[in-house]
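Notes follow once the structure below has been shown.
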Amino acid sequence: MNISGPMFFLLVIITLTTILHWYVFQAVKTITYTFGSDWWRNVLQWSYWIVALGISAYLVIKTYQLMGKGEFASSAQSVSNVMLTLIVTQLVCVVFLLGEDIFRNFQAFGTFVFNGFRDFSFPSRTTWVSGLALFAATLPLFSFVYGIKYGKYNFQVHREVLYFEDLPDAFDGFTITQISDIHSGSLKDKNAVAKGVEKVLEQGSDLFVFTGDLVNHRADEIDPLKPIFSQIKAPYGQFSILGNHDYGDYVSWPSKEAKAENFQMLKEKHGDLGFRLLLDEHVVIEKDGEKLILAGVENWGIGFKEKGDLQKALSGTNPNDFKILLSHDPHIGMRRSKTVRILSI
């Protein structure tokens, strides 16, 4: 295994986080200098470095472990969450401090030009700017923490009314509920997921569609949630397609056969949920003697697996048929056909 790439990446992480830690510490140091007690000042400053370096060590160790496994394991999501939260939070603080440093340098330059070295001293940091920088940094910090912990369960219903001149009359008012990107391996709170499914059922839609990424990596991730998602029923059926995560491309497998077995199992899981999985194929939805075409393609996305075959999915259809395309990435419809309605995320 070539370790030069991973080692370079780790070096970048260490360097970047160390610089950001040092810069943010300038605000901490400025604030704590206003404390009258040296003991409290030392406690807070040392506490800052213990926490900061502890987080950096966690990132380095976990990143090294993940690279050693050679796969994008589920724990990688936690690492990326911590890394993104840390860097964004620090950068917000640094923006304020950097702005003040630029002003301080201009101020120092002006003093030197007019007074030379006589009574020259570099302007100190102001307490209020340091305090504002640290306060501003708490906003993304708590936002990220809330989003990671609770935001993924904040299910919302978005209603859209679409109008088409060529829509068959029988389908006027026809309703479709779409959900996407379950990433079931990331959903641990079954009660919260059940409430999300309740929102789906409350819509009472004529048709239900799921547009890909049932799991993060492995087919069995959906197993604990199967009793919940299998409750979804619609009068005209439940249909689904695959997303880029469903192929197991981000996990190291012991063999090609193991990967293929997982993929086959994943497809069967759709059936277990009561979903008709559309693999570059279409079905005819009939109502009151009229019809529309519901087509579904395998994953196709810029920078991802481009497996979907739109022509195959539409094979045997009439150019004048009203068509709805299910695609994990909408670009396939925009690039390859102007005659399809796209439902995708």
Between N299 and N244 the two heavy atoms that sit nearest each other are OD1-N, 3.1 Å
Check: Between Q45 and N42, is there a donor-acceptor pair closer than 3.5 Å when you use the side chain of the first and the backbone of the second?
Finding: no
Do F275 and F239 have their ring centres less than 6.0 Å from each other? no
Should D223 and K269 be marked as a salt bridge (charged side-chain N to carboxylate O under 4.0 Å, His left out) after you check the CA-CA gap, both sets of side-chain angles, and the distance that decides it?
-> CA-CA 8 Å; D223 288 349; K269 301 292 184 184; 2.7 Å; yes
Margin query: For E261, is the CD atom crowded, meaning more than 12 foreign heavy atoms sit under 6.0 Å from it?
Written below: no
| Would you say the side chain of L294 lies within less than 4.5 Å of the side chain of L326, judging by non-hydrogen atoms? | yes
Counting only heavy atoms from other residues, nucleotides and ligands, does the tally under 6.0 Å from CZ of F109 exceed 12?
no
Start with the C-alpha distance between E281 and R276, add both sets of side-chain angles, then the distance that settles salt bridge (charged side-chain N to carboxylate O under 4.0 Å, His left out), and finish with yes or no.
-> CA-CA 11 Å; E281 56 188 318; R276 164 73 186 277; 3.3 Å; yes
Review point. So, Q156 versus N154: side-chain donor-acceptor pair below 3.5 Å or not?
Key: yes
Can a donor-acceptor pair be found, under 3.5 Å and without considering hydrogens, that links the side chain of K152 to the backbone of S186? yes
For this session: Classify the side-chain pair N216/Y250 by whether it contains a donor and acceptor separated by less than 3.5 Å.
Result: no
(message) Measuring only between side-chain heavy atoms, which start at C-beta, is R125 closer than 4.5 Å to D101?
(response) yes
- Query: Side chains of Q203 and T175: donor-acceptor distance under 3.5 Å anywhere?
  - Reply: no
**Asked** Are more than 12 heavy atoms from other residues, nucleotides or ligands located less than 6.0 Å from atom NZ of K195?
**Response** no
Q. Counting heavy atoms not belonging to K312, are there more than 12 under 6.0 Å from its NZ?
A. no
Check: Does Y23 belong to the same Ile/Leu/Val/Met/Phe/Trp/Tyr cluster as I102, with side-chain heavy atoms less than 4.5 Å apart forming each link?
Finding: yes
Is the count of non-hydrogen atoms from other residues, nucleotides or ligands lying under 6.0 Å from K226 atom NZ greater than 12? yes
Polar side chain donor-acceptor pair, H282 to T317, under 3.5 angstrom: no
F155 and V193 have their tightest heavy-atom pair at CE1-CA, 4.2 Å
- Item | Distance-only polar pair, side chains of D189 and Y150, donor-acceptor under 3.5 Å | no
Parallel, tilted or perpendicular: which describes the rings of F25 and W49, with under 30° parallel and over 60° perpendicular?
tilted
OH/Y153: more than 12 non-hydrogen atoms of other groups inside 6.0 Å | yes
ask   = Transitively linked via ILVMFWY side-chain contacts under 4.5 Å: I324 with V283?
value = yes
Heavy atoms of D169 and E290 approach each other most closely as N-OE1, 3.3 Å
Exercise. Side-chain heavy atoms under 4.5 angstrom apart, residues restricted to Ile, Leu, Val, Met, Phe, Trp, Tyr: same cluster for L134 and V129?
Worked result: no
* To do: Check whether any side-chain N or O of Q178 sits under 3.5 Å from a backbone N or O of F210 as a donor-acceptor pair, and report yes or no.
  => no
Under 3.5 Å: donor-acceptor pair, side chain of H21, backbone of A52: yes
Same cluster or not: F96 versus L139, using hydrophobic residues (I, L, V, M, F, W, Y) connected whenever any side-chain heavy atoms lie under 4.5 Å apart? no
Under 6.0 Å between ring centres: does that hold for F164 and F322? yes
task = Assess whether salt bridge (charged side-chain N to carboxylate O under 4.0 Å, His left out) is satisfied between K307 and D280, documenting all intermediate values.
result = CA-CA 9 Å; K307 189 174 177 61; D280 294 334; over 6 Å; no
Minimal heavy-atom distance between D213 and D246, with the atoms involved, is N-OD2, 2.9 Å
Taking T89 for the side chain and L86 for the main chain, is one N or O donor matched with an acceptor at less than 3.5 Å? no
Please check if the distance between the ring centroids of F208 and Y236 is under 6.0 Å. no
Problem set entry | Distance-only donor-acceptor check, side chains T211 and H328, under 3.5 Å | no
Under 30°, 30 to 60°, or over 60°: which ring-plane class applies to H245 and H217, parallel, tilted or perpendicular?
tilted
Donor-acceptor under 3.5 Å (T17 side chain, I14 main chain) = yes
| field | T126 backbone acceptor or donor facing E100 side chain under 3.5 Å | value | yes
Within one Ile-Leu-Val-Met-Phe-Trp-Tyr cluster: I55 and I148, side-chain cutoff 4.5 Å: no
